[in-house]
Protein chains: 2
Amino acid sequence: MRMTTQGDYALRCILAIAYKSAKGPVAISRIVEEEHLPSDYTEQLMMKLRHGKLVKSVRGVKGGYLLNRHPSRITLKDVLEAVEGQAFKVICGHKNGRKKKMCSGECVLKGVWMGLKRKIDGYLENKTIASLMK
Amino acid sequence: MRMTTQGDYALRCILAIAYKSAKGPVAISRIVEEEHLPSDYTEQLMMKLRHGKLVKSVRGVKGGYLLNRHPSRITLKDVLEAVEGQAFKVICGHKNGRKKKMCSGECVLKGVWMGLKRKIDGYLENKTIASLMK
DNA sequence: CGATACCCGATGTTTTTTGTCAACTATAAT
DNA sequence: ATTATAGTTGACAAAAAACATCGGGTATCG
């Protein structure tokens with residue numbers, strides 16, 4: 001099990017915007033410089049955050065990104081889901097010949113993994129961008 | 001964030017051995033058939049479990065694997081660490097030009113990720129093979 | 001000795017993750 | 001209006017991780 005840099009990057013971006021958007025939109029170029037992130041990749045992530053309604057964009061000169069709601073109403077889970085689909089993906093199953101066969105109800109492990117997922121989701125739901133800013 | 005099939009497979013194997021080793025060692029061939037796992041790959045995983053001292057092997061005809069300690073003393077974390085190094089790997093950092101620069105102390109996110117790691121490890125430490133057998 | 005089953009290193013394939021590129025559109029400032 | 005800035009979009013490429021296979025070994029039982 002491992003985390004992805006995607007999630008880490010996305011959180012850095014959101015956090016940077018939360019801190020610096022008081023006087024207008026924050027441009028990707030600025031985030032990228034200050035956080036030392038790969039610029040085109042970051043752009044993609046910002047797109048996902050926008051599609052996930054976590055940020056809104058302003059185009060043109062002086063443009064950039066703003067948070068779409070108050071930092072206290074954006075959880076880490078929201079951010080990770082926006083860029084990764086799910087904060088934690090359970091892949092419980094095995095190959096049976098050629099086709100993948102997912103676990104059925106009787107599978108003990110499925111329960112374990114889902115329990116873990118709940119734990120992880122719970123942790124991430126209870127941390128907001130605002131809570132990281134203190 | 002996602003889990004790996006490796007971890008899932010390894011747990012299935014350990015569980016299968018726990019259930020079936022009463023009358024002697026359990027062969028990989030048997031586990032592989034009953035659990036529908038890829039056989040050579042499973043062999044690799046069993047090797048890792050052996051190096052991690054979770055199982056012991058018996059060679060030759062009628063050979064196979066046995067648990068190296070009581071199911072109640074093998075946690076899921078033990079198993080995952082044996083095959084994956086760490087149950088949950090934190091990759092907190094970013095590229096700065098060419099060289100990777102890891103987070104320093106001031107990094108807020110590092111704390112978040114480490115907190116999550118603790119949560120995950122805790123969950124996995126508190127589940128034993130025995131507890132899955134009920 | 002022969003059949004079984006673990007041992008082990010090397011190699012190959014697939015998928016996911018990470019990163020790059022180029023052409024486009026909207027906006028502000030001049 | 002023109003130009004520079006900055007987001008939009010989709011396709012592509014590289015790297016890493018995960019998943020899997022292969023082949024030649026060694027130990028043990030019958």
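Every chain is numbered from 1 and lettered A, B, ... according to where its sequence line falls, protein lines coming before strand lines.
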Less than 4.0 angstrom between a side-chain N/O of Thr4(A) and OP1 or OP2 of dT17(C), yes or no?
no
Phosphate contact (dT17(C) OP1 or OP2) by Tyr41(A) side-chain N/O below 4.0 Å:
no
side-chain hydrogen bond (donor to acceptor under 3.5 Å, both in side chains) contacts touching residues 39-61 of chain B (sequence neighbours left out):
Gln6(B)-Lys48(B)
Other members of the hydrophobic cluster containing Met47(B), with the 4.5 Å side-chain heavy-atom rule, please.
none
Through direct or indirect side-chain contacts below 4.5 angstrom among Ile, Leu, Val, Met, Phe, Trp and Tyr, which residues connect to Leu66(A)?
Val58(A)
Could you tell me how far apart [X] ([atom1]) and [N] ([atom2]) are, to the nearest whole angstrom?
X        : N       : atom1 : atom2 : value
His36(A) : dT18(C) : NE2   : C1'   : 19 Å
Ile91(A) : dA20(D) : CD1   : P     : 11 Å
Arg2(A)  : dT16(C) : CZ    : P     : 12 Å
Leu37(B) : dT21(D) : CG    : P     : 11 Å
Leu45(A) : dT16(C) : CG    : P     : 18 Å
Lys48(A) : dG19(C) : NZ    : P     : 13 Å
Arg30(A) : dG7(D)  : CZ    : P     : 12 Å
Asp8(A)  : dG19(C) : CG    : P     : 11 Å

Residues from residues 53-65 of chain A lying under 4.0 Å of DNA chain D - heavy atoms
Ser57(A), Val58(A), Arg59(A), Gly60(A), Val61(A), Lys62(A), Gly63(A), Gly64(A), Tyr65(A)
Does anything in residues 113-121 of chain B reach DNA chain D, meaning a heavy atom under 4.0 Å, and if so which residues?
none
Distance-only donor-acceptor pairs under 3.5 Å for side chains of residues 74-85 of chain B, two or more places apart:
{"from": "Thr75(B)", "atom 1": "OG1", "to": "Lys77(B)", "atom 2": "N", "distance (Å)": "3.4"}
{"from": "Thr75(B)", "atom 1": "OG1", "to": "Asp78(B)", "atom 2": "N", "distance (Å)": "3.1"}
{"from": "Thr75(B)", "atom 1": "OG1", "to": "Asp78(B)", "atom 2": "OD1", "distance (Å)": "3.4"}
{"from": "Thr75(B)", "atom 1": "OG1", "to": "Asp78(B)", "atom 2": "OD2", "distance (Å)": "3.1"}
{"from": "Lys77(B)", "atom 1": "NZ", "to": "Glu81(B)", "atom 2": "OE2", "distance (Å)": "3.2"}
{"from": "Lys77(B)", "atom 1": "NZ", "to": "Glu125(B)", "atom 2": "OE2", "distance (Å)": "3.2"}
{"from": "Asp78(B)", "atom 1": "OD2", "to": "Arg69(B)", "atom 2": "NH2", "distance (Å)": "3.2"}
{"from": "Asp78(B)", "atom 1": "OD2", "to": "Thr75(B)", "atom 2": "N", "distance (Å)": "2.9"}
{"from": "Glu84(B)", "atom 1": "OE1", "to": "Met1(A)", "atom 2": "N", "distance (Å)": "2.4"}
{"from": "Glu84(B)", "atom 1": "OE2", "to": "Thr4(B)", "atom 2": "OG1", "distance (Å)": "2.8"}

Set of residues satisfying side chain to side chain contact (heavy atoms under 4.5 Å, CB included) with respect to Arg2(B), sequence neighbours excluded
Lys89(A), Ile91(A)
Applying side chain to side chain contact (heavy atoms under 4.5 Å, CB included), can you list everything that pairs with Lys119(A), at least two apart in sequence or on another chain?
Lys119(B), Tyr123(B)
Got a list of side-chain donor-acceptor pairs under 3.5 Å for residues 126-134 of chain B, not counting sequence neighbours?
{"from": "Asn126(B)", "atom 1": "ND2", "to": "Gly122(B)", "atom 2": "O", "distance (Å)": "3.1"}
{"from": "Thr128(B)", "atom 1": "OG1", "to": "Ala130(B)", "atom 2": "N", "distance (Å)": "3.4"}
{"from": "Thr128(B)", "atom 1": "OG1", "to": "Ser131(B)", "atom 2": "N", "distance (Å)": "3.0"}
{"from": "Ser131(B)", "atom 1": "OG", "to": "Thr128(B)", "atom 2": "N", "distance (Å)": "3.1"}
{"from": "Ser131(B)", "atom 1": "OG", "to": "Thr128(B)", "atom 2": "O", "distance (Å)": "2.7"}

So which protein nitrogen or oxygen atoms get under 3.5 Å of nucleotides 9-12 of chain D's nitrogens or oxygens?
{"from": "dT9(D)", "atom 1": "OP2", "to": "Arg50(A)", "atom 2": "NH2", "distance (Å)": "2.7"}
{"from": "dA11(D)", "atom 1": "N6", "to": "Gln44(A)", "atom 2": "NE2", "distance (Å)": "3.3"}

What donor-acceptor contacts under 3.5 angstrom involve side-chain atoms of residues 22-34 of chain A, with partners at least two apart or in another chain?
{"from": "Arg30(A)", "atom 1": "NE", "to": "Glu34(A)", "atom 2": "OE2", "distance (Å)": "3.4"}
{"from": "Glu34(A)", "atom 1": "OE1", "to": "Lys20(A)", "atom 2": "NZ", "distance (Å)": "2.2"}

